[in-house]
Structures are given as C-alpha cells and as structure tokens.
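So the structure is just underneath, and the comments pick up after that.
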Amino acid sequence: GKMLTSAEIEAEAGLMTQFIKPEQTLLCDISCATRLQVEWPRAILAFKSNPIFGRGPSSITEATDNDYLRWLGELGLVGTSLFVFIILRILHLSRRLGKIALEYKTLTFGFICGVLALLINSLYVDVFEASKMAYNFWVISGLFVGLSTYYAKNKA
C-alpha cells in the first residue's frame, strides 16, 4: 500500500534488470525470460506505485503479455474491477440469450467457452486490448449483448 516515487520505481526496476541475462537464464527462451523478468515485474512495480487507480493507460509498455498484470499496473484495482465486471456482464447476458432464445443456445455455449479460453490465454498475451483478437472479441460481444437485450425486451 506504499506509494512509491518515480525515483524509487526506477531504482527497483534497475535492481531487477541489472542481473538479467536472457542467454544465461534457465527459462525456455528469450521471450519467456523477457516476460517473466522484465515485463511482468514492470507491471507489478506500476501497480505498487499506484494500487488504486494505476499509472494510466499505456503507461507501462506496449506489450506486457499478461492482461491481468497490465490492468492492475495501468488501471489499478478500480479499473481492473470494472474491466472484470464488464466481461462477467457480457458472459451473463450471453448466458441469458441462450436461455431466452433456444435457437441461439449452441452458439451461446460456443461463445462462452471462447471467452473462457481467452481469459486463460490472457495470462500470456494481451488479448483484450492489444491484439488482433481484441477487435473481434469486442464486436462479437456487442452482438451477443445486443441480441440478448433485444430478445429480453421482445419476450417480456
């Protein structure tokens, strides 16, 4: 819960990175070493510096390769909670569509399983905001939310 100054953040980042030698690491490859030794600690330090609201969008790096750490570092607890709420709401409305309109039940099941797969994938890739997948996800999510709302109003 301690607010770090910019100098303290830079000092901690310097300590973490001075011993990084990806060619000597025990990790599988340079990509994995960079992710675990540079990008993720950078996001954690950003979260430590401002845990409530984060440091702001795109303030950490272009590719953190972990959506959850990126959300925490850039958006803090408030923004991360809102983001998770939005995704859970999309899942809830999609599930409701499968119950209201039976002809969409299989499609809804596939969409929900796809979202769950993306949630797992987002442990290692910036799926929801920094990839080609993000655009498709948000468009299809909008379609499911719109269909759910439409059917809920017309069935009532």
Side-chain angles (χ1 to χ4, degrees), residues 1-6 8-10 12-13 16 27-28 31-156:
K2 177 185 172 195
M3 299 296 279
L4 300 175
T5 65
S6 295
E8 289 173 324
I9 292 170
E10 292 301 321
E12 281 195 47
M16 291 175 128
L27 298 171
C28 53
S31 174
C32 188
T34 303
R35 180 180 290 127
L36 296 176
Q37 295 176 339
V38 178
E39 294 171 359
W40 290 6
R42 185 182 299 142
I44 293 167
L45 284 172
F47 174 68
K48 282 182 175 180
S49 73
N50 193 347
I52 304 300
F53 296 110
R55 294 186 61 191
S58 299
S59 62
I60 298 175
T61 182
E62 198 166 303
T64 304
D65 288 338
N66 183 319
D67 266 336
Y68 306 107
L69 290 177
R70 182 179 183 141
W71 296 340
L72 286 170
E74 291 182 356
L75 308 173
L77 291 172
V78 172
T80 301
S81 299
L82 290 171
F83 210 103
V84 169
F85 172 77
I86 289 168
I87 291 173
L88 292 176
R89 184 73 177 148
I90 289 168
L91 288 172
H92 170 73
L93 292 172
S94 299
R95 187 169 168 259
R96 181 178 77 172
L97 174 65
K99 288 181 178 180
I100 295 172
L102 295 178
E103 64 268 22
Y104 290 110
K105 189 170 189 163
T106 304
L107 188 63
T108 299
F109 179 74
F111 174 72
I112 291 172
C113 288
V115 173
L116 295 177
L118 287 177
L119 289 170
I120 293 168
N121 191 32
S122 64
L123 288 167
Y124 296 102
V125 180
D126 296 332
V127 173
F128 291 103
E129 68 269 334
S131 73
K132 296 170 189 149
M133 190 64 214
Y135 176 78
N136 295 316
F137 168 77
W138 292 114
V139 168
I140 293 169
S141 294
L143 291 173
F144 271 90
V145 169
L147 273 173
S148 177
T149 305
Y150 173 78
Y151 276 97
K153 285 182 181 179
N154 288 333
K155 294 276 182 170

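Residue numbers run from 1 in the order of the sequence given.
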Worksheet item: For Leu69 and Phe47, what are the C-alpha separation, side-chain angles and deciding distance, and is it a side chain to side chain contact (heavy atoms under 4.5 Å, CB included)?
Response: CA-CA 8 Å; Leu69 290 177; Phe47 174 68; over 6 Å; no
Discussion item. When you measure from the side chain of Ser122 to the backbone of Leu119, do you find a donor-acceptor pair of N or O atoms at a distance under 3.5 Å?
Written reply: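 Yes; judged by distance alone, with no hydrogens or angles, the pair exists.
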Worksheet item: Can you tell me if Thr149 uses its side chain to pair, donor with acceptor, with the backbone of Val145 under 3.5 Å?
Response: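 It does hold such a pair.
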Worksheet item: Among pairs that include at least one residue of residues 106-123, which meet salt bridge (charged side-chain N to carboxylate O under 4.0 Å, His left out), considering only residues two or more places apart or in two chains?
Response: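 Sorted result for residues 106-123: empty, none.
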Practice prompt. May I have all residue pairs that pass salt bridge (charged side-chain N to carboxylate O under 4.0 Å, His left out) and include part of residues 74-83, sequence neighbours excluded?
Written response: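 Residue pairs with at least one partner in residues 74-83: Arg70-Glu74.
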Shortest non-hydrogen separation from [X] to [Y] and the atoms involved:
{"X": "Asp65", "Y": "Trp40", "value": "O-NE1, 3.2 Å"}
{"X": "Gly73", "Y": "Ala46", "value": "O-CB, 3.8 Å"}
{"X": "Ala43", "Y": "Thr64", "value": "CB-CG2, 3.9 Å"}

Quick check for you: to the nearest 0.5 Å, what is the distance between [X] atom [atom1] and [Y] atom [atom2]?
{"X": "Glu8", "Y": "Ser49", "atom1": "CD", "atom2": "OG", "answer": "10.0 Å"}
{"X": "Ile60", "Y": "Glu39", "atom1": "CD1", "atom2": "CD", "answer": "10.5 Å"}
{"X": "Asn50", "Y": "Leu45", "atom1": "CG", "atom2": "CG", "answer": "13.0 Å"}
{"X": "Met133", "Y": "Phe128", "atom1": "CE", "atom2": "CZ", "answer": "9.0 Å"}

Show the atom names and distances, to 0.1 Å, of all donor-acceptor pairs under 3.5 Å that link a side chain in residues 76-94 to residues at least two apart or in another chain.
residue : atom : partner : partner atom : Å
Thr80   : OG1  : Trp71   : O            : 3.2
Thr80   : OG1  : Leu72   : N            : 3.3
Thr80   : OG1  : Gly76   : O            : 2.7
Ser81   : OG   : Leu77   : O            : 2.7
Ser94   : OG   : Ile90   : O            : 2.8

Discussion item. Are there over 12 heavy-atom neighbours, none belonging to Arg96, within less than 6.0 Å of that residue's CZ?
Written reply: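 Enclosed: over 12 neighbouring heavy atoms sit under 6.0 Å from CZ of Arg96.
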Practice prompt. Find out whether Phe137 and Val127 are in side-chain contact, i.e. whether some heavy atom of one side chain is under 4.5 Å from a heavy atom of the other.
Written response: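 No. Closest side-chain heavy atoms not under 4.5 Å.
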